[in-house]
*Asks:* 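Sending over a structure as structure tokens; questions will come in a sec.
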Amino acid sequence: MSNQEITKILEEMAALLEMQGVAFKPRAYEKAATGVEALGEEVQEIYRRGGGKALEEIPGVGRGIAAHIEELLEKGKLQEYERLRKRVPVHVTELMSVEGVGPMMVKVLWEKLRVRTLADLERAARAGKIRRLPRFGEKSEQKILRGIAFLRGTAGRRTLGVALSDARRLEAVIRAFPEVEDAAVAGSLRRWKETIGDIDVLAASADPQKVTERFLALPDVARVYGTGETQTRVRLKNGMDADLRVVAPQSWGAALNYFTGSKEHNVALREIAVKKGWKLNEYGLFARSRTSPGLSPRRSGLQPREGGKSDFGACIAGRTEGEIYKKLGLRYIEPELREDTGEIEAARHDFAAQNRGGQARKNKLPALIGYRDLKGDLQVQTDWTDGEDSIEKMAQAARDAGLEYIAITDHTKGLAMTGGADEKKLMRQMREIDLLNKKFKSLKFKILKGAEVNIGKNGSLDIDDAMLARLDVVGAAVHSHFTLSRQEQTARIIRAMENPHVDIIFHLTGRIIAKRASIDLDIDAVIAAAKSTGTVLEVNAYPDRLDIRDAYIRKAVAADVRLSIDSDAHAAAHFKLLEYGIATARRGWAEKKDVVNAWPVDKMLSMLK
DNA sequence: GCCGTTTTCGGCCCGACTGTTTTCAGTCG
């Protein structure tokens, strides 16, 4: 059973328990689902290695849920889940994917109207049956119909690359509003997550109403889901949803932190605040007043619409994110790390150590590689194969992008469709590179000779060793046989790494986000082989690949395996894609020292085989 | 059901918005 399937069942468990009115358990199951989803490894594998005890190491999974997962893996089903489903035998996930429909609605719809599927829901809504239910009305019914239409249309998350340029444009437009002091893209985009659900933009302004009006008047806005004093949700004409929040400038840092997430990171921060007797929300960090300790504004009956500040004392921090982390006793945590996967513990240790004089420890926050740290690019295609531009033009573009060197890594003959090079063609290309290097010498830019050789079904390469030995940079990659067994794929990759000339494995898992699954690999075995053979693992920056992914990068970094961050450029304009690769490496806790092409060319070359 | 720099028991994040209601439940992020 795959992680995805387990995640779905845990999420359904949460919803089913919620319907029964069970307290706290739903949150526990949701947390466990998030924990499983974020894993860089198959649960099946963890279980095979360490049994039920190892499952408890998964974040959010304790004894109870570990036993459930074990049952799922052993028997393929879960008795407790089947039992709950008998009481409300509906397609929970499907129904809840409709905007505005949650567990309680699903329950009522089942009990009163016998709604089981999306089709049932649509029929009931069209027949006008939903508006007659208690606490439903005509608007709820219309909203459900709109939600279903949306789902049938362009449902699902977009890849990072598709969302980011639109988000940046929107940010610039909003920042230019006269009432706006500052604006920023927040949410999963600011964390550079590989897929994005919607665009979150935050604005600081003393006149939120005016800002909201201007936002709603933008030509990009196709539909308004809802709008209030501080928060507006719309559908854009490009098919994405956007969420604008407007806060006062003194709350900028708190709001930015809150709307950047992740949700799990935020919850953890708030729990730290609570333990210190404070409260953290999107307006700031506040001390609780003595008059109504522990009561939420709503329960205490004090004007709930005043931003929740009414029964709390002075604001301790909020203008910047930095001061909030500091007050909470944490070192500043970069957005890419905010997933509650150990960064908070590390930040606490760092902060404590700083106050003790800063001795070195394990478990500390990484000094992340910076967005300007790359000196070279080790995967570049040209018009010698399937690239658009000449070697010279690519070199010029790389230099313009601030790089000091590139490796030309055109495809080899195994990829006949790209006009892949054989040994002879590679020799010709090497001679041309020699000529061009004379030209570029005065510009302090170097073109390296390389290739993207093809890994065959059994791990063999399509270029002979004598030729590979003459190249500066040899990348090897899988381009076919994507459906071999885990054992075969793993053996194939390891055999390629054992070749003394293979420096880098390009886009290891071969995935195309939202299109093609990764090849089935024993990632730990591959990382161990990379370490023992001195092979570099690429972080392919192409936004549809981001391969290896963040969780694998983190494993590689922990195992002291070197990485390269490459654009896989097929045109001069593609060097700007490197930022996606850097961001993904940062999400994997990579430092400059882990990334070979962040080093000067001579040092980099001396590190390769 | 999970978890631990107050805890192995007793807590568990917080607010905005909507729709249907005269004070709040549900959903969302």
*Asks:* A/Glu18 CD to B/dT27 P: how many Å, rounded?
*Replies:* 8 Å
*Asks:* Under 4.0 angstrom, heavy atoms only, what part of the nucleic acid is A/Lys25 near: base, sugar-phosphate, or nothing?
*Replies:* base
*Asks:* Roughly how many Å apart are B/dG15 and B/dC9, using the P atom of each and rounding to a whole number?
*Replies:* 32 Å
*Asks:* For atom P, what is the distance between B/dT22 and B/dC28, given to the nearest Å?
*Replies:* 23 Å
*Asks:* If you take any heavy atom closer than 4.0 Å to DNA chain B, which residues from residues 45-63 of chain A end up in contact?
*Replies:* A/Gly60, A/Val61, A/Gly62, A/Arg63
*Asks:* Hey, which sits more toward the 5' end of DNA chain B by its nearest nucleotide, A/Lys276 or A/Met96?
*Replies:* A/Lys276
*Asks:* Given that A/Thr232 and A/Gly102 both sit by DNA chain B, which one's nearest nucleotide is further toward the 5' end?
*Replies:* A/Thr232
*Asks:* Taking B/dT21 as the reference, what is the distance to B/dG26 when you measure between their C1' atoms (whole Å, please)?
*Replies:* 13 Å
*Asks:* Between B/dC2 and A/Phe24, is there a base-stacking contact, meaning the centre of the base's six-membered ring lies under 5.5 Å from the residue's ring centre while the planes stay under 30° apart?
*Replies:* no
*Asks:* Find the distance A/Glu11:CD to B/dC28:P and express it as a whole number of Å.
*Replies:* 13 Å
*Asks:* Could you check whether A/Tyr225 and A/Asp241, counting side-chain N and O atoms only, form a donor-acceptor pair closer than 3.5 Å?
*Replies:* yes
*Asks:* Could you state the atom-to-atom distance from CZ of A/Arg270 to C1' of B/dC13 in whole Å?
*Replies:* 5 Å
*Asks:* Whole angstrom is fine here: how far is it from CG in A/Leu244 over to P in B/dC28?
*Replies:* 21 Å
*Asks:* Look at the side chain of A/Val274 and decide which nucleotide, out of B/dT6, B/dC14, B/dG15, has an atom nearest to it.
*Replies:* B/dC14
*Asks:* Do A/Glu80 and A/His68 have side-chain N/O donor and acceptor atoms under 3.5 Å apart?
*Replies:* no
*Asks:* If you define the side chain from C-beta out and look only at heavy atoms, does anything of A/Ile272 sit under 4.5 Å from A/Lys276?
*Replies:* yes
*Asks:* Without decimals, in angstroms, what is the distance between A/Glu271 CD and B/dT6 P?
*Replies:* 13 Å
*Asks:* Is NZ or CZ of A/Arg114 both nearer than 6.0 Å to the six-membered ring centre of A/Trp110 and within 45° of the ring axis?
*Replies:* yes
*Asks:* Just wondering, more than 12 heavy atoms not from A/Arg223 lying within 6.0 Å of its CZ?
*Replies:* yes
*Asks:* In the structure shown, which nucleotide is the Watson-Crick or G-U wobble counterpart of B/dT8, with both distances under 3.5 Å?
*Replies:* none
*Asks:* Roughly how far apart, to the nearest Å, are B/dT7 and B/dC2 at atom C1'?
*Replies:* 13 Å
*Asks:* Using only side-chain N and O atoms of A/Arg245, determine if any of them is under 4.0 Å from OP1 or OP2 of B/dG15.
*Replies:* no
*Asks:* Which residues, if any, of residues 257-268 of chain A bring a heavy atom under 4.0 Å of DNA chain B?
*Replies:* A/Tyr258, A/Lys263, A/Val267
*Asks:* Please work out if A/Pro103 contacts a base, only the sugar-phosphate, or nothing of the nucleic acid, heavy-atom cut-off 4.0 Å.
*Replies:* sugar-phosphate
*Asks:* Between B/dC17 and A/Thr230, is there an OP1 or OP2 to side-chain N/O distance shorter than 4.0 Å?
*Replies:* yes
*Asks:* Would you please confirm or rule out a distance under 4.0 Å between OP1 or OP2 of B/dT18 and any side-chain N or O of A/Ser140?
*Replies:* no
*Asks:* Rounded to the nearest 0.5 Å, what separates atom OH in A/Tyr47 from atom CD1 in A/Ile58?
*Replies:* 12.0 Å
*Asks:* Tell me which nucleotide among B/dG1, B/dG29, B/dG15 gets nearest to the side chain of A/Glu282.
*Replies:* B/dG15
*Asks:* Passes salt bridge (Lys or Arg N to Asp or Glu O under 4.0 Å), A/Glu323 versus A/Lys326? Steps please.
*Replies:* CA-CA 5 Å; A/Glu323 65 185 27; A/Lys326 195 169 172 189; over 6 Å; no
*Asks:* Do you see a donor-acceptor pair shorter than 3.5 Å between the side chains of A/Thr260 and A/Arg190?
*Replies:* yes
*Asks:* Examine the side chains of A/Gln250 and A/Tyr283 and answer whether a donor and an acceptor come within less than 3.5 Å of each other.
*Replies:* no
*Asks:* Please measure how far the P atom in B/dT8 lies from the corresponding atom in B/dC3, and state the result in whole Å.
*Replies:* 16 Å
*Asks:* Is it true that A/Asp340 and A/Lys263 make a salt bridge, defined as a side-chain N closer than 4.0 Å to a carboxylate O?
*Replies:* no
*Asks:* For the residue pair A/Trp192 and A/Tyr580, is the inter-centroid distance of their aromatic rings smaller than 6.0 Å?
*Replies:* yes
*Asks:* Could you measure between the two C1' atoms, the one in B/dT20 and the one in B/dT27, and give it in whole Å?
*Replies:* 14 Å
*Asks:* How far does the P atom of B/dA16 sit from the matching atom of B/dG11, given to the nearest Å?
*Replies:* 27 Å
*Asks:* Quick one: which of A/Arg549, A/Arg48, A/Lys555 gives a salt bridge (charged side-chain N to carboxylate O under 4.0 Å, His left out) with A/Glu41?
*Replies:* A/Lys555
*Asks:* What's the NZ-C1' distance between A/Lys279 and B/dC13, to the nearest Å?
*Replies:* 10 Å
*Asks:* Look at all strands and tell whether A/Arg348 reaches a base, only sugar-phosphate, or nothing, counting heavy atoms closer than 4.0 Å.
*Replies:* nothing
*Asks:* Between the side chains of A/Thr341 and A/Arg554, is a donor N or O closer than 3.5 angstrom to an acceptor N or O?
*Replies:* yes
*Asks:* Starting from P on B/dC2, measure out to OH on A/Tyr29 and report it in whole angstrom.
*Replies:* 7 Å
*Asks:* Quick one, which residues of residues 130-138 of chain A touch DNA chain B with a heavy atom under 4.0 Å?
*Replies:* A/Arg135, A/Phe136, A/Gly137, A/Glu138
*Asks:* When the C1' atoms of B/dG29 and B/dC13 are compared, how many Å lie between them, rounded to an integer?
*Replies:* 12 Å
*Asks:* Heavy atoms only, 4.0 Å cut-off, all strands: where does A/Lys143 land among base, sugar-phosphate and nothing?
*Replies:* nothing
*Asks:* Do A/Arg319's NZ or CZ and the ring of A/Trp252 fall within the cation-pi criteria of under 6.0 Å and 45°?
*Replies:* no
*Asks:* Can you measure A/Leu280 atom CG to B/dC13 atom C1' for me and round it to whole angstrom units?
*Replies:* 9 Å
*Asks:* When we call it a touch if two heavy atoms are under 4.0 Å apart, what does A/Val106 touch: a base, just sugar-phosphate, or nothing?
*Replies:* nothing
*Asks:* Check whether any side-chain N or O of A/Tyr225 sits under 4.0 Å from OP1 or OP2 of B/dG29, and answer yes or no.
*Replies:* no
